[in-house]
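The residues of the chain are indexed from 1 along the displayed sequence.
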Amino acid sequence: MIPLSFRYSIVRYIQDALKNKKKTSYKSALTSYTRETALYRNSFISGENKFLVQKAQSGDYNYFIKHLANQDYKYQNLWDDEYFENRYGMQKIYNLIQQQGNNKLRILDIGCGNCKLLEKLKGLGHDVYGIDLSALRVLKNRQKLKNIVFAYAEDIPFEDDFFDIVIAQEVLEHVFNLESSLSEIKRILKPDGISYIQVPYLNYVESVNHLRVFSEETLNYWINKYLKVENIELIPYKIGNKANNIFVTAKKSKQVDVEFYLMDAFEIYQFLPIYKALEENNFCVKFICEPCNINLAKDWFDYETAKSILNDENLKYSEKANPYAEIAVTTQRIYYLSKYLNFKVNLQYGAGLNKNNFCSTKKATEGFDARLIYGDYTREKIKDYIKGKSIYEIGIPKHDDFFNSPPKKTDIKNELCINTEKKILVYFPTWDEDSSIQIFYEQLKNLREEYFVVSKAHHCTYRLKEKKTDLDILNEISDIVLEGNYSFSKAAVLADIALIDAKSGASCEVPYLNPDVHILYLTVKEHPENYFWNNIFQVGKLICPQNDLIKELHQIESIDSYVEYRKNKISYYLGPRDGKSTSRALAAFQDISKNSLKR
């Protein structure tokens with residue numbers, strides 16, 4: 001055995017040689033993160049293994065360094081698994097790098113050992129570097145490759161954004177501090193740089209010096225905290241072995257992952273303007289269209305419809321959520337983002353004036369890190385729930401195109417082949433227990449005698465089988481029933497008079513798009529004052545089934561005393577009518593991304 005004093009002198013010599021490269025405190029780097037989060041193993045292959053893990057868990061830096069020095073004598077001779085010809089992973093990395101073309105790359109191998117892989121990569125013309133904790137091997141290999149240094153994975157002596165590729169084969173299971181090591185790999189990689197990481201799979205390959213054991217899930221989790229995992233697979237350790245190692249390709253991405261989790265196909269159109277803006281601004285953005293058997297909405301999700309829309313619109317999507325995406329977004333409650341581990345955002349969808357409207361409730365805010373809301377009205381309703389959360393007022397992005405290029409009513413009439421002298425009444429019923437369709441049927445069926453009736457039903461009325469009766473009634477009472485995906489904004493502009501279920505989000509959205517329209521609100525509630533906020537009585541005339549619908553319409557048609565209030569106050573409910581909602585949403589996501597990356 002080589003004397004310990006001699007091994008320490010070698011280590012000190014190499015450390016002194018590094019001072020001009022990077023002045024640092026090795027002890028600080030090794031002990032900077034909390035021990036509880038370092039994924040130490042809790043089952044052991046021997047007493048020695050257990051003792052070593054316990055020392056690492058306790059943060060015993062001095063013992064750990066002595067242990068590493070005592071290991072050095074074991075590595076004077078090459079083991080068979082250190083030869084390039086025997087190692088599957090080495091050959092895989094060589095081939096992957098060879099496929100990247102002839103550009104000269106700067107490559108670091110952490111735990112480079114005998115440098116057989118680096119010698120091969122140098123033969124391809126690349127600029128190769130290595131670090132290792134075997135002082136003897138470092139000195140030996142420096143005779144062949146000048147950029148081989150003694151260093152810890154937790155404190156790598158190179159500048160930020162320095163390497164195109166960082167290799168860590170059979171390293172992370174040994175390191176004293178897992179988080180410091182991964183943080184260093186991220187730091188020294190160039191933007192869009194690649195790391196190839198290989199570890200034993202579970203306990204199929206064991207050593208007394210293995211401080212932790214990885215499954216695919218745990219390795220994926222830890223790497224994704226610092227890098228973006230692009231591929232993970234099981235490979236053999238040595239040529240001829242069964243698949244007993246995990247191999248990961250990960251990237252230091254300049255992009256932030258944003259996933260829009262779908263539980264209703266109709267949400268695609270709510271998300272779409274923001275999706276496009278994020279994509280144009282270098283976010284990695286996609287829709288998550290999970291099949292019903294794994295979707296958190298189960299059979300409610302109209303999976304085939306959503307998939308068809310995504311394909312027709314050529315939108316990026318995945319059929320499985322990535323739990324490690326930096327930002328996940330839903331229009332629903334936090335439950336629908338329960339698969340995600342990072343920043344969670346609620347995007348407001350609708351603004352009803354009833355007291356139990358979801359967007360104004362605790363459920364719409366609870367558990368989220370941030371909310372994107374329409375206007376001051378929602379902020380006031382959720383003020384008791386927003387402590388510690390980021391709230392952004394953005395308006396309604398899906399209507400930006402409308403405000404920037406408003407459609408003409410004559411063009412809409414021509415599009416729908418409407419040729420009538422009658423006033424056009426557009427009916428906007430909701431779909432649930434508050435729908436007016438059946439309760440007001442006897443009065444609704446007479447409307448066509450005086451008006452040209454166009455119905456724009458809630459999208460759920462079209463897609464739910466149990467709503468067939470409602471859809472049949474709409475076809476009976478209407479001159480035209482618009483398709484489920486027909487433009488809501490066009491339907492609003494088309495109306496001379498709008499008949500709207502008061503509970504519906506259309507109660508505010510129609511006058512937001514058509515400030516001059518005359519509106520009559522319908523409710524099935526016997527005591528609407530107990531069900532709605534007082535705002536509904538400021539926004540428009542509200543009637544119950546016992547009221548005379550035709551008579552009330554005549555009065556509204558003659559004079560709608562609520563029009564001026566709606567013109568002056570509608571932005572309070574839904575945000576500015578300036579066509580810049582998507583820009584505000586983009587700014588919000590840029591701010592959110594900064595916060596998410598700090599985690």
Side-chain angles (χ1 to χ4, degrees), residues 75 77-134 137-138 140-141 144-148 153 156 163-175 181-182 185 188-190 192-207 209-210 213-216 219-220 223 227-252:
Y75 302 114
N77 300 311
L78 294 183
W79 296 356
D80 67 335
D81 64 358
E82 294 187 82
Y83 287 95
F84 179 85
E85 292 75 16
N86 295 337
R87 286 284 290 278
Y88 186 94
M90 284 188 186
Q91 295 181 30
K92 181 177 180 67
I93 291 170
Y94 177 85
N95 292 332
L96 288 169
I97 293 174
Q98 190 176 40
Q99 291 167 14
Q100 295 187 35
N102 298 322
N103 292 334
K104 187 175 183 179
L105 301 174
R106 189 179 290 154
I107 302 171
L108 173 68
D109 188 1
I110 301 173
C112 58
N114 62 53
C115 295
K116 295 302 182 183
L117 176 57
L118 288 182
E119 289 178 23
K120 290 283 187 179
L121 294 173
K122 184 180 180 182
L124 293 177
H126 298 303
D127 193 8
V128 298
Y129 295 71
I131 65 171
D132 203 278
L133 286 179
S134 169
R137 293 219 173 159
V138 168
K140 179 179 178 181
N141 287 313
K144 299 177 292 182
L145 302 171
K146 63 179 181 178
N147 296 320
I148 308 301
I156 299 173
F163 291 102
D164 298 289
I165 294 174
V166 173
I167 300 164
Q169 280 191 292
E170 311 296 326
V171 170
L172 296 185
E173 67 272 23
H174 293 279
V175 296
S181 302
L182 289 169
I185 292 173
I188 62 175
L189 271 174
K190 294 178 180 179
D192 287 332
I194 295 173
S195 182
Y196 298 118
I197 296 172
Q198 183 178 339
V199 299
Y201 175 51
L202 299 176
N203 57 357
Y204 286 104
V205 180
E206 276 287 26
S207 165
N209 295 316
H210 288 182
V213 176
F214 291 99
S215 66
E216 291 172 278
L219 184 62
N220 194 36
I223 294 176
L227 304 170
K228 186 174 295 183
V229 171
E230 295 200 324
N231 187 57
I232 185 166
E233 59 184 300
L234 295 180
I235 66 169
Y237 176 58
K238 292 167 62 176
I239 300 296
N241 286 166
K242 294 180 179 180
N244 54 12
N245 268 221
I246 311 172
F247 187 89
V248 172
T249 302
K251 179 179 283 189
K252 179 181 176 178

message = For Lys238, is there any backbone N or O sitting under 3.5 Å from a side-chain donor or acceptor partner on Asn241?
response = yes

query = Salt bridge check: are Lys190 and Asp164 linked by an N-O gap of less than 4.0 Å?
reply = yes

ask   = If you round to the nearest 0.5 Å, how far is CG of Asn141 from CD1 of Ile148?
value = 6.0 Å

ask   = When rounded to the nearest 0.5 angstrom, what distance separates SG in Cys115 from CG in Asn147?
value = 10.5 Å

request  = Any chance you could measure Leu182, atom CG, to Leu227, atom CG, to the nearest 0.5 Å?
outcome  = 7.0 Å

Any side-chain heavy-atom pair of Ile97 and Ile107 under 4.5 Å = yes

ask   = Lys251 side chain to Ile194 main-chain N or O, any donor-acceptor pair under 3.5 Å?
value = no

ask   = Is there side-chain contact between Asn231 and Val248, with heavy atoms separated by less than 4.5 Å?
value = no

task = Would you verify whether the NZ or CZ of Lys116 falls within 45 degrees of the ring axis of Phe84 while also being under 6.0 Å from that six-membered ring's centre?
result = no

message = Using side-chain heavy atoms (C-beta onward) and a distance below 4.5 Å, is Pro200 in contact with Asn244?
response = no

ask   = Can any side-chain N or O of Asp109 pair as donor or acceptor with the backbone N or O of Leu118 at less than 3.5 Å?
value = no

ask   = So do the side chains of Gln91 and Ile239 get within less than 4.5 Å of each other, counting heavy atoms only?
value = yes

ask   = Hey, are the side chains of Leu108 and Ile165 touching, using non-hydrogen atoms and a 4.5 Å cut-off?
value = no

request  = Could you pull out the closest heavy-atom pair between Glu119 and Lys144, with the gap in Å?
outcome  = OE2-NZ, 2.7 Å

inquiry  = Would you call the rings of His174 and His210 parallel, tilted or perpendicular, taking 30° and 60° as the class edges?
reply    = perpendicular

Residue pair Glu216 / Leu234, side-chain heavy-atom distance below 4.5 Å = yes

inquiry  = Ring centroids only, cut at 6.0 angstrom: are Tyr129 and Phe163 within range, meaning strictly under it?
reply    = yes

ask   = Side chains of Leu121 and Gln98: closer than 4.5 Å at any heavy-atom pair?
value = no

task = Would you give the length of the straight line joining atom CD1 of Ile167 to atom CD of Gln198, rounded to the nearest 0.5 angstrom?
result = 10.5 Å

message = Donor-acceptor check, side chain of His126 to backbone of Leu105, threshold 3.5 angstrom: yes or no?
response = yes

For Tyr196 against Gln100, the heavy-atom pair lying closest together = OH-NE2, 3.1 Å

key: Audit row: Phe247, Leu96, side-chain contact (heavy atoms from CB on, under 4.5 Å) steps and yes/no   = CA-CA 12 Å; Phe247 187 89; Leu96 288 169; 3.9 Å; yes

query = Is Leu117 close to Cys112 at the side-chain level, that is, under 4.5 Å between some pair of heavy atoms?
reply = no

note = Interatomic distance, CD1@Ile246 vs CD@Glu173, rounded to 0.5 Å, equals 10.0 Å

inquiry  = Could you check whether any side-chain N or O of Ser195 sits under 3.5 Å from a backbone N or O of Val166, counting only pairs where one atom can act as donor and the other as acceptor?
reply    = yes

inquiry  = Give me the atom names and distance for the closest heavy-atom approach of Ser181 to Leu172.
reply    = CB-CD2, 4.3 Å

query = For atom CG of Asn95, is the number of surrounding heavy atoms from other residues, nucleotides or ligands below 6.0 Å larger than 12?
reply = yes

key: Ile235 CD1 to Asn245 CG distance, which is reported to the nearest 0.5 Å   = 6.0 Å

task = Could you tell me whether Lys92 and Glu233 make a salt bridge, using a distance below 4.0 angstrom between a side-chain N and a carboxylate O?
result = yes

inquiry  = Looking at Arg137, is its backbone amide N or carbonyl O close enough to the side chain of Asp132 to form a donor-acceptor pair, meaning the two atoms are under 3.5 Å apart?
reply    = no

